[in-house]
Amino acid sequence: MRFITGIKSDQVSRKKVKSRIKINIESEMIETVNSNLKHTHMIRCPVLNNKEIIKTANVSFDFPPAGLTVSPSSSQLFEEDSVSLSCEEDDSSAGWRLRRNTTRETRTQCDDWGRSAGSSCNISFIVSLDSGVYWCESREGATSNSINITVTGGAVILQSPVLPVMEGHDVTLHCKTKTPPSNLPAAFYKDGSLIKETTGHMTIHHVDKSDEGLYSCDITGHGESPRSWITVTGQEVKGQELHFDFTTY
């Protein structure tokens, strides 16, 4: 098996980073390992064959200007829980702030419903009226990914990913009660149909697009959770694009 390796400096969201490029001539696969962002990409290169060798490979990465994260990482929360939302930003001077849409309000900022701390927002006592869509927005109007949060006054929630899941990855769903014990026998549903009965949690292995849908769970004697949509994506990072410019000899 033959490889060519090299180091190339690239521009990533206005930051200079280094990518190690490894090219397998026989399988026509290119592996790029970004040492700063810790992402690995396997890309098929149809211009390669056993007679052609890559001389240079210029690699660039396009990322969203900011990404929204939530802690705890769950799309469903119990009333009276606390939650922290943060804008992970490349440019702190852009003035990123949290916004949300709910059934009562549109595009309101953190100061109207939480406690702001820089580009983060904390809600110490969340209620069902806090259910809605949350996102980060800069002064210039650029936006991040959005996150749907459902707050329930019921006794059961389904803990599921708040961000799209990469194809081929495993996803674990947890069915939880507000009061202990939490690891009780539960039934899990997709689009209203029973998919599994187990204790506390279930794992979907090697997800693909057919696994997208509305998921919920039910614990006998406690009730049913709200439904949450799970999105499956073929992209390693939401909004990311890879650009290759090859010169052969």
Side-chain angles (χ1 to χ4, degrees), residues 39 64 67-86 88 98 100-103 121-135 144-240:
H39 293 309
L68 174 60
T69 61
V70 57
S71 178
S73 182
S74 176
S75 58
Q76 296 183 16
L77 298 167
F78 290 116
E79 283 193 326
E80 302 178 11
D81 281 351
S82 60
V83 62
S84 177
L85 302 108
S86 300
E88 295 185 345
L98 268 297
R100 76 177 188 183
N101 290 339
T102 68
T103 56
C121 187
N122 302 307
I123 308 175
S124 57
F125 194 90
I126 202 164
V127 297
S128 58
L129 292 174
D130 291 310
S131 297
V133 180
Y134 292 75
W135 72 94
S144 71
N145 58 297
S146 60
I147 289 177
N148 286 278
I149 294 178
T150 301
V151 184
T152 178
V156 178
I157 63 170
L158 176 70
Q159 286 190 331
S160 61
V162 295
L163 297 175
V165 181
M166 177 73 174
E167 280 188 307
H169 287 193
D170 296 343
V171 175
T172 299
L173 307 176
H174 295 269
C175 196
K176 297 187 64 177
T177 56
K178 188 169 185 176
T179 57
S182 186
N183 196 32
L184 296 171
F188 291 84
Y189 298 85
K190 177 179 180 283
D191 299 326
S193 298
L194 179 67
I195 53 175
K196 190 169 187 178
E197 292 182 293
T198 184
T199 300
H201 68 275
M202 66 162 286
T203 300
I204 307 171
H205 297 282
H206 311 300
V207 297
D208 58 33
K209 294 293 286 186
S210 68
D211 293 307
E212 283 192 335
L214 283 170
Y215 287 79
S216 63
C217 66
D218 181 273
I219 297 178
T220 302
H222 292 266
E224 185 176 357
S225 74
R227 294 183 176 188
S228 285
W229 181 268
I230 292 180
T231 299
V232 179
T233 179
Q235 295 179 334
E236 184 71 23
V237 179
K238 185 176 176 61
Q240 174 184 335

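Count residues from 1 along the sequence.
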Provide the full list of salt bridge (charged side-chain N to carboxylate O under 4.0 Å, His left out) pairs with a residue in residues 199-222, sequence neighbours left out, each pair given once.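 For residues 199-222: K209-E212.
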Of all pairs that satisfy salt bridge (charged side-chain N to carboxylate O under 4.0 Å, His left out), the ones with a partner from residues 148-162, not counting sequence neighbours: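 Those involving residues 148-162 do not exist here.
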So Y215 and I204, do their side chains get closer than 4.5 Å, heavy atoms only?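 The answer is yes, as the side chains (C-beta and beyond) meet within the 4.5 Å cut-off.
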Within the 4.5 Å heavy-atom criterion, are N183 and T199 side-chain neighbours or not?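 A side-chain contact under 4.5 Å exists here.
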Please determine whether side chain to side chain contact (heavy atoms under 4.5 Å, CB included) holds for the pair Y134 and V70, giving the CA-CA distance in whole Å, both sets of side-chain angles, and the decisive distance to 0.1 Å. CA-CA 10 Å; Y134 292 75; V70 57; over 6 Å; no
What are the two closest heavy atoms between E197 and A187, and how far apart are they?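 Heavy atoms only, the tightest pair is CG-CB, 4.0 Å.
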So, [X] side chain and [Y] main chain: donor-acceptor pair closer than 3.5 Å or not?
{"X": "D191", "Y": "L214", "answer": "yes"}
{"X": "N145", "Y": "L68", "answer": "yes"}
{"X": "T177", "Y": "T179", "answer": "yes"}
{"X": "Q76", "Y": "P226", "answer": "yes"}

Pairwise disulfide (SG to SG under 2.5 Å) hits with a residue in residues 158-211, at least two apart: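 Residue pairs passing disulfide (SG to SG under 2.5 Å), neighbours aside: C175-C217.
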Got a sec, which residues hit side chain to side chain donor-acceptor pair (under 3.5 Å) with E80, two or more places apart in sequence or on another chain?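 Per chain and number, E80 pairs via side chain to side chain donor-acceptor pair (under 3.5 Å) with no residue.
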Report all side-chain donor-acceptor pairs from residues 152-166 shorter than 3.5 Å, counting only partners two or more places apart or in another chain.
from, atom 1, to, atom 2, distance (Å)
T152, OG1, G154, N, 2.9
S160, OG, S75, OG, 2.8

First locate atom [atom1] of [X], then atom [atom2] of [Y], and finally report the distance between them rounded to the nearest 0.5 Å.
{"X": "L77", "Y": "S128", "atom1": "CG", "atom2": "OG", "answer": "12.0 Å"}
{"X": "L173", "Y": "K190", "atom1": "CG", "atom2": "NZ", "answer": "11.5 Å"}
{"X": "R100", "Y": "S146", "atom1": "CZ", "atom2": "OG", "answer": "15.0 Å"}
{"X": "D130", "Y": "D81", "atom1": "CG", "atom2": "CG", "answer": "11.0 Å"}
{"X": "L85", "Y": "W135", "atom1": "CG", "atom2": "CH2", "answer": "12.5 Å"}
{"X": "M202", "Y": "I195", "atom1": "CE", "atom2": "CD1", "answer": "4.0 Å"}

Going by atom types alone, do T172 and T203 pair a side-chain donor with an acceptor below 3.5 Å?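 There is such a pair between these side chains.
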With sequence neighbours excluded, residues passing side chain to side chain contact (heavy atoms under 4.5 Å, CB included) with C121: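 If we apply the side chain to side chain contact (heavy atoms under 4.5 Å, CB included) test to C121, skipping adjacent residues, the hits are L98, C110, W113.
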